[in-house]
Amino acid sequence: MRKAAALGAGAALVFGLSACGAENEAGDGGESSSDLSGTLNGAGASSQQAAVSAWQQGFQTANSDVTVNYDPIGSGGGREQFLEGGTSFAGSDAYLDDDELTQAKERCNDSDVVSIPVYVSPIAVIYNLPGVEDLQLSPQTIGAIFEGTITTWNDPAIAEDNPDAELPDSPITPVHRSDDSGTTENFTEYLEATSEGSWTAGAVETWPIQGGEAANGTSGVVAAVESGEGTIGYADASQAGDLGKVAVKVGEEYVAPTEEAAARVLDTAEQVEGRAETDIALHIDRTTTESGVYPIVLASYQIACQTYEDSAEAELVKAWLTYVVSEDGQQAAAESAGSAPLSDDFREKVQAAIDTIS
């Protein structure tokens, strides 16, 4: 079945290529001078959708004979399609686990994966509570709300975090993702690390708590929070629109989910040990007390093979990823999605991984 899936993907990916170097193929966002042509299919994290739209526009402007398709079906679905050979790359808010790495070895012709953070953004705790504009919450309070043990907005714990707010005696409706979600995994990882036991369900990709309201994808959560008063959820901050965004207690201060505050958390991130050099999986310090750091972030990855059977597919993936992490690509994502651009030093690191694709 896996071979059949791979053949199906090959049939869908019709490439025509006269290759220059990957560095030339990606272009710089100007007029097309590329010899690349073909169709590139990816799927995955809905959190990346706004950024991917900007990358598609920039990349296809520089490579006018290329079409890039991206289906924002969620991180879990994107990884599954990639591992089954249905797409050339995946977008994911979580890196591959050990079992998936074993599958990836087979999918990638016994080569390593190229898994690189391309999109760094705060996960905002979003809410719809008329009359309360500047909500502040400690991690213990956030954990209890999503655990379902704090159920009204004037609960003493919320009041303690917001001494100057007029909090209504109305029920809280927590909204969570219904699909397998890397955003959920990042959010619950934060709760597990910081809530001091008010969140008991661990770090998970599939929402584990009964109750509340379930919604599919980032846009679904945002829509659900928008449509009901007293709602609270979690979503990529860039897609939160006009909804309220909680300032989260870090150390002795409350920090808002800005791209600058999210970018600072990467300064304390460590690469997960025991993986290939091309698999740049990051362990984020959720318990930081550093001033001005927002710890509920997602470092969203794009995942590809180091080796493809089709050399044309390899060159197209390589050129795409080169553009995505380029200064132009990162600036385009920042402008359209509010993400934090990769630093120059980090860009060099991920480009070295991309350069191994063949």
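Since this is a predicted model, take the numbers as computed values, not measurements.
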field: E213 vs T173, side chain to side chain donor-acceptor pair (under 3.5 Å): CA-CA, chis, key distance, verdict
entry: CA-CA 7 Å; E213 183 176 346; T173 302; over 6 Å; no

task: Quick one: do V350 and L342 satisfy side-chain contact (heavy atoms from CB on, under 4.5 Å)? Show the steps, please.
output: CA-CA 10 Å; V350 296; L342 302 178; 4.3 Å; yes

Using a distance-only test with no angle check, is there a side-chain donor-acceptor pair under 3.5 angstrom linking [X] and [Y]?
X	Y	answer
E147	T200	yes
E327	Q331	no
S219	Q239	no
S300	D93	yes
D99	Q103	no
T152	N154	yes
T194	R286	no
E205	T184	no

Using the rule that Ile, Leu, Val, Met, Phe, Trp and Tyr join whenever any side-chain heavy atoms are under 4.5 Å apart, tell me whether [X] and [Y] fall into a single cluster.
X	Y	answer
V225	L137	no
W153	V132	yes
V221	I123	no
W207	I126	no
I172	V125	yes

Check for a donor-acceptor pair, side chain of [X] on one end and backbone N or O of [Y] on the other, with a separation under 3.5 Å.
X	Y	result
Y70	A45	yes
Q351	V325	no
Y119	A333	no
N128	E226	yes
T231	G228	yes
S238	A337	yes
S111	C108	yes
S92	Y95	no
T67	T39	no
D285	A269	no

Do you know which two heavy atoms are closest between [X] and [Y], and how far apart they sit?
X	Y	value
T218	A235	CG2-CB, 4.0 Å
D236	S121	OD1-OG, 3.1 Å
A124	P257	CB-CG, 4.1 Å
A104	L96	CB-CD1, 4.2 Å

So for atom [atom1], which belongs to [X], do other residues, nucleotides or ligands contribute more than 12 heavy atoms lying within a distance under 6.0 Å?
X	atom1	answer
D97	CG	yes
E260	CD	yes
E277	CD	no
E229	CD	no

- request: For the pair T141 and I150, evaluate side-chain contact (heavy atoms from CB on, under 4.5 Å) and give the outcome as yes or no after the intermediate values.
  value: CA-CA 8 Å; T141 305; I150 289 179; 4.0 Å; yes

- prompt: Would W55 and Y323 satisfy ring-ring contact (aromatic ring centres under 6.0 Å, His included), going step by step from the backbone distance to the final call?
  reply: CA-CA 8 Å; W55 292 329; Y323 174 74; 8.0 Å; no

task: Tell me, please, which residues at least two apart from D179 pass salt bridge (charged side-chain N to carboxylate O under 4.0 Å, His left out).
output: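 Here the qualifying residues are R177.
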
- request: List in chain and number order the residues that pass salt bridge (charged side-chain N to carboxylate O under 4.0 Å, His left out) with D112, two or more places apart in sequence or in another chain; answer none if no residue qualifies.
  value: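 Per chain and number, D112 pairs via salt bridge (charged side-chain N to carboxylate O under 4.0 Å, His left out) with K105.
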
Would a 4.5 Å heavy-atom cut-off, applied to side chains only, mark [X] and [Y] as touching?
X	Y	result
V246	Q136	no
L298	S47	yes
V250	Y294	no

To the nearest 0.5 Å, what is the distance between [atom1] ([X]) and [atom2] ([Y])?
X	Y	atom1	atom2	answer
D180	S75	CG	OG	9.0 Å
E315	S311	CD	OG	7.0 Å
F146	S198	CZ	OG	11.5 Å
I116	T278	CD1	OG1	10.0 Å
I145	Y127	CD1	OH	11.5 Å
E100	E80	CD	CD	9.5 Å

message: Using the side chain to side chain contact (heavy atoms under 4.5 Å, CB included) definition, which of the options D279, V114, L282 pairs with Y301?
response: L282

Positive for side chain to side chain contact (heavy atoms under 4.5 Å, CB included) with N63, one of L36, L40, D35: L36

task: Carefully, step by step, assess V255 and V248 under the rule side-chain contact (heavy atoms from CB on, under 4.5 Å).
output: CA-CA 5 Å; V255 182; V248 173; 5.8 Å; no

task: Evaluate the ring planes of Y234 and F187, with Trp represented by its six-membered ring, and classify them as parallel (under 30°), tilted (30 to 60°) or perpendicular (over 60°).
output: parallel

query: So, are R264 and E290 salt-bridged, with charged N and O less than 4.0 Å apart?
result: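 No, R264 and E290 are not salt-bridged.
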
- prompt: Under the side chain to side chain donor-acceptor pair (under 3.5 Å) criterion, do T356 and Q306 qualify, and how do the steps go?
  reply: CA-CA 6 Å; T356 69; Q306 191 175 38; 3.2 Å; yes

message: Using side-chain contact (heavy atoms from CB on, under 4.5 Å), reason through F82 and C305 one step at a time and then give a plain yes or no.
response: CA-CA 9 Å; F82 170 73; C305 289; 3.7 Å; yes

- request: Check D71, N69, T87 against N41 for a side-chain hydrogen bond (donor to acceptor under 3.5 Å, both in side chains) and give me the one that passes.
  value: N69

- request: Would you check, one step at a time, whether the test side chain to side chain donor-acceptor pair (under 3.5 Å) holds for Q48 with Q302?
  value: CA-CA 10 Å; Q48 289 188 28; Q302 290 204 356; 3.1 Å; yes

